[in-house]
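Quick caveat: nothing in here was measured; it's all calculated off a predicted structure. Every number for a ligand or one of its atoms is a count from 1 in the order of the listing.
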Amino acid sequence: MRIDPDPKYDFDDVLIRPKRSEAPSRSAIILEREHRFLNSGTTWRGVPIVASNMDTVGSLTMAQALAPGMLTCLHKYYPAERLVEFFQNDPAAASVFYTLGLSDDEFDRMVAVHRQVPLRLICVDAANGYTKYFVDRVKRIRQAVGQATIMAGNVATPEMVQELLISGAADIVKIGIGSGSVCTTRLKAAVGYPQLSAIIECADAAHGLRGHVCADGGCRMAGDVVKAFAAGADFVMLGSMLAGHDECEGEWVEENGQRVGMKFYGMSSRVALDKYAGGRKDYRACEGKEVVVPSKGPVSETLQDITGGIRSACAYVGAASLKDLSKCTTFVLCNRTHNTVYGA
Ligand code: 5GP
């Protein structure tokens, strides 16, 4: 056993220091980024916000609402025929990830879909991206889909980012262990990594290889999305912030015939395991919980709140574009009294 003595930080531990600025007006700040991916040789352009592949959030309707500028990782529970139809016919599909986990069934299904309609964006999602099996699976997916852009995760430390970019041939590595709003991994397994530090350290490792990272989990408000980008994230994935919108596929909670909330749960929660995996296996703990998020109306309003926050941050630190935000950022430590334990 050893203890790493370096302090690690979560979003709550920092603020961004304002700086003298000659940045243009907020409206002129450029939020679009252009990312070129080395392993696939593809290029993507847009505002790098991604809807999570959770079953309530990563819906086809969400994908249509976020397209063409922003991205969606579809959840993996749609029938294959429905996905083929969507990818064949919907222009939104250019900004939509097909998601799969690690089972052979899911691999075979992806290959079958890819044969019918070549997939451009693929998200390989595992709770624990640290296994050799995971890296091998990403490699095998790369061999099967050739030029598709592959996002794979989750991990939270640089050596695994490097491994996935080099051996697994991923384009984007998804960062976040134990940081999700409905995740209880930190409580059940005591495993995790404060998300701001995870992003800073993993982005540094990825960028050294001209790879990319997507910060996944822990954003509860626009300011957290700003901090994730300022820390070096190339993409930011959102679950709870996008939950509760009209575009979600959820079970709504009503009062007097009015929608007041939506059930939102971790994909490893008992609710999700009962729904999709035939219940919890004897040897596993549920590492997710269920909450009710308020009903929030159309997602466009929340997206505007987020992009407004990013513009404002850029103006405060003198960044003419989202691309420059990280370079222009100095974080200040503040109110550090405890480590945030998400899921508590
Ligand atoms: P949020 O934006 O809600 O804070 O976090 C969303 C992320 O939480 C998802 O994209 C996924 O990586 C993670 N997540 C979703 N469900 C679970 C779960 O049941 N357990 C764990 N450990 N993480 C989850």
Trainee: Hey, is OH on Tyr316 packed in by over 12 heavy atoms from elsewhere, all under 6.0 Å?
Mentor: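 No, OH of Tyr316 has 12 or fewer neighbouring heavy atoms, counting only those of other groups under 6.0 Å.
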Trainee: Cation-pi check, Arg220 to Phe11: give yes when NZ or CZ is under 6.0 Å from the six-membered ring centre and within 45° of the ring axis, no otherwise.
Mentor: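 So Arg220 doesn't make the cation-pi contact.
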Trainee: Under 4.0 Å, heavy atoms only, figure out whether ligand 1 is touched by the backbone of Cys286, its side chain, both or neither.
Mentor: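 For Cys286, there is no contact with ligand 1 at all, from either part.
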Trainee: Output the list of atoms in ligand 1 that are nearer than 4.0 Å to some heavy atom of Ser240, sorted by atom number.
Mentor: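 Selected atoms, number and element: 1 (P), 2 (O), 3 (O).
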Trainee: When clusters are formed by joining ILVMFWY residues with side-chain heavy atoms under 4.5 Å apart, either directly or through shared neighbours, do Leu60 and Ile122 land in the same one?
Mentor: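 Cluster IDs for Leu60 and Ile122 match.
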Trainee: Take atom 21 (C) of ligand 1 and look for protein heavy atoms under 4.0 Å from it; say yes if you find one, no if not.
Mentor: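 Under 4.0 Å from atom 21 (C) of ligand 1, at least one protein heavy atom found.
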Trainee: List every atom of ligand 1 that sits less than 4.0 Å from any heavy atom of Gly218, numbering the atoms from 1 in the order shown and giving each element.
Mentor: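 So the atoms of ligand 1 that pass are 1 (P), 4 (O).
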Trainee: Taking 4.0 angstrom as the limit and counting only heavy atoms of Ser52, give me the atoms of ligand 1 inside it, by number and element.
Mentor: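 Those atoms are 9 (C), 10 (O).
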Trainee: Whether Glu251 and Lys263 form a salt bridge (side-chain N of Lys/Arg under 4.0 Å from carboxylate O of Asp/Glu) is what I want to check.
Mentor: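 Salt bridge between Lys263 and Glu251, a charged N being under 4.0 Å from a carboxylate O: yes.
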Trainee: Who gets closest to atom 17 (C) of ligand 1 by heavy atom: Met267, Met54, Lys174?
Mentor: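 Selected option, by shortest heavy-atom distance: Met267.
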Trainee: Is the closest N or O pair between Asp216 and ligand 1 shorter than 3.5 Å?
Mentor: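 Indeed, backbone or side chain, Asp216 has an N or O that close.
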Trainee: If you measure every N/O of Glu287 against every N/O of ligand 1, is any gap under 3.5 Å?
Mentor: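 Yes; the residue has a nitrogen or oxygen that sits under 3.5 Å from a nitrogen or oxygen of the ligand.
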Trainee: Who pairs with Glu249 by salt bridge (Lys or Arg N to Asp or Glu O under 4.0 Å), at least two apart in sequence or on another chain?
Mentor: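 Applying salt bridge (Lys or Arg N to Asp or Glu O under 4.0 Å) to Glu249 gives none.
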Trainee: Between Arg220 and ligand 1, which residue portion shows a heavy-atom distance shorter than 4.0 Å: side chain, backbone, both, or neither?
Mentor: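 Near ligand 1, Arg220 shows nothing, with every heavy atom at 4.0 Å or more.
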Trainee: Any atoms of ligand 1 less than 4.0 Å from a non-hydrogen atom of Met237? List them with their elements.
Mentor: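 What qualifies from ligand 1 is 10 (O).
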Trainee: Taking the inter-plane angle between the rings of His212 and His35 on a 0 to 90° scale, is it parallel (under 30°), tilted (30 to 60°) or perpendicular (over 60°)?
Mentor: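 Because their plane-to-plane angle is over 60°, the rings of His212 and His35 count as perpendicular.
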Trainee: Would a 4.0 Å cut-off, counted as strictly less than, catch a protein heavy atom around atom 5 (O) of ligand 1?
Mentor: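 Yes, at least one protein heavy atom sits under 4.0 Å from atom 5 (O) of ligand 1.
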Trainee: Looking only at protein heavy atoms, which one is nearest to atom 19 (O) of ligand 1, and what is the separation?
Mentor: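 Here the closest protein heavy atom is Ser268 N, 2.7 Å.
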Trainee: Using distance alone, decide if ligand 1 has a nitrogen or oxygen within less than 3.5 Å of any nitrogen or oxygen in Gly239.
Mentor: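 Yes; at least one N/O pair falls below 3.5 Å.
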Trainee: Measure the shortest side-chain to side-chain distance between Leu121 and Met151 over non-hydrogen atoms and say whether it is less than 4.5 angstrom.
Mentor: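 Result no, sub-4.5 Å side-chain heavy-atom pair not found.
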Trainee: Measure the distance from atom 3 (O) of ligand 1 to every protein heavy atom, then report the residue, atom name and distance (to 0.1 Å) of the closest one.
Mentor: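 Ranking protein heavy atoms by distance from atom 3 (O) of ligand 1, first comes Ser181 OG, 2.7 Å.
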Trainee: Examine distances only and state if a side-chain atom of Ser326 and a backbone atom of Ala230 form a donor-acceptor pair shorter than 3.5 Å.
Mentor: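 Yes.
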Trainee: Identify the residue among Leu31, Thr329, Leu325, Asp234 that makes a side-chain contact (heavy atoms from CB on, under 4.5 Å) with Phe229.
Mentor: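 That would be Leu325.
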Trainee: So, Tyr9 versus Lys227: side-chain donor-acceptor pair below 3.5 Å or not?
Mentor: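 No donor-acceptor contact under 3.5 Å links the two side chains.
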Trainee: Does Glu106 come within less than 4.0 Å of Arg109, counting only side-chain N to carboxylate O?
Mentor: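 Between Arg109 and Glu106 there is no salt bridge, as every charged N stays at least 4.0 Å from the carboxylate O atoms.
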Trainee: Can you list the ligand 1 atoms lying under 4.0 Å from a non-hydrogen atom of Ser269?
Mentor: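 Selected atoms, number and element: 19 (O).
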Trainee: Would you mind telling me if ligand 1 is within reach of the side chain of Asn154, the backbone, both or neither, using heavy atoms under 4.0 Å?
Mentor: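 Side chain only.
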Trainee: Would you check the N or O atoms of Tyr265, main chain and side chain alike, for any that come under 3.5 Å of an N or O of ligand 1?
Mentor: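 In this structure, Tyr265 places no N or O atom under 3.5 Å from an N or O of ligand 1.
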Trainee: Return the closest protein heavy atom for atom 24 (C) of ligand 1 as residue, atom name and distance.
Mentor: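 Closest protein heavy atom to atom 24 (C) of ligand 1: Cys183 CB, 4.1 Å.
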Trainee: Starting from atom 8 (O) of ligand 1, what is the nearest protein heavy atom, named by residue and atom, and what distance separates them?
Mentor: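 Protein heavy atom at minimum distance: Gly180 CA, 3.6 Å.
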Trainee: List, one per line, each side-chain donor-acceptor pair under 3.5 Å for residues 159-169, sequence neighbours excluded.
Mentor:
from   : atom 1 : to     : atom 2 : distance (Å)
Glu159 : OE1    : Thr157 : OG1    : 3.2
Glu159 : OE2    : Thr157 : OG1    : 3.4

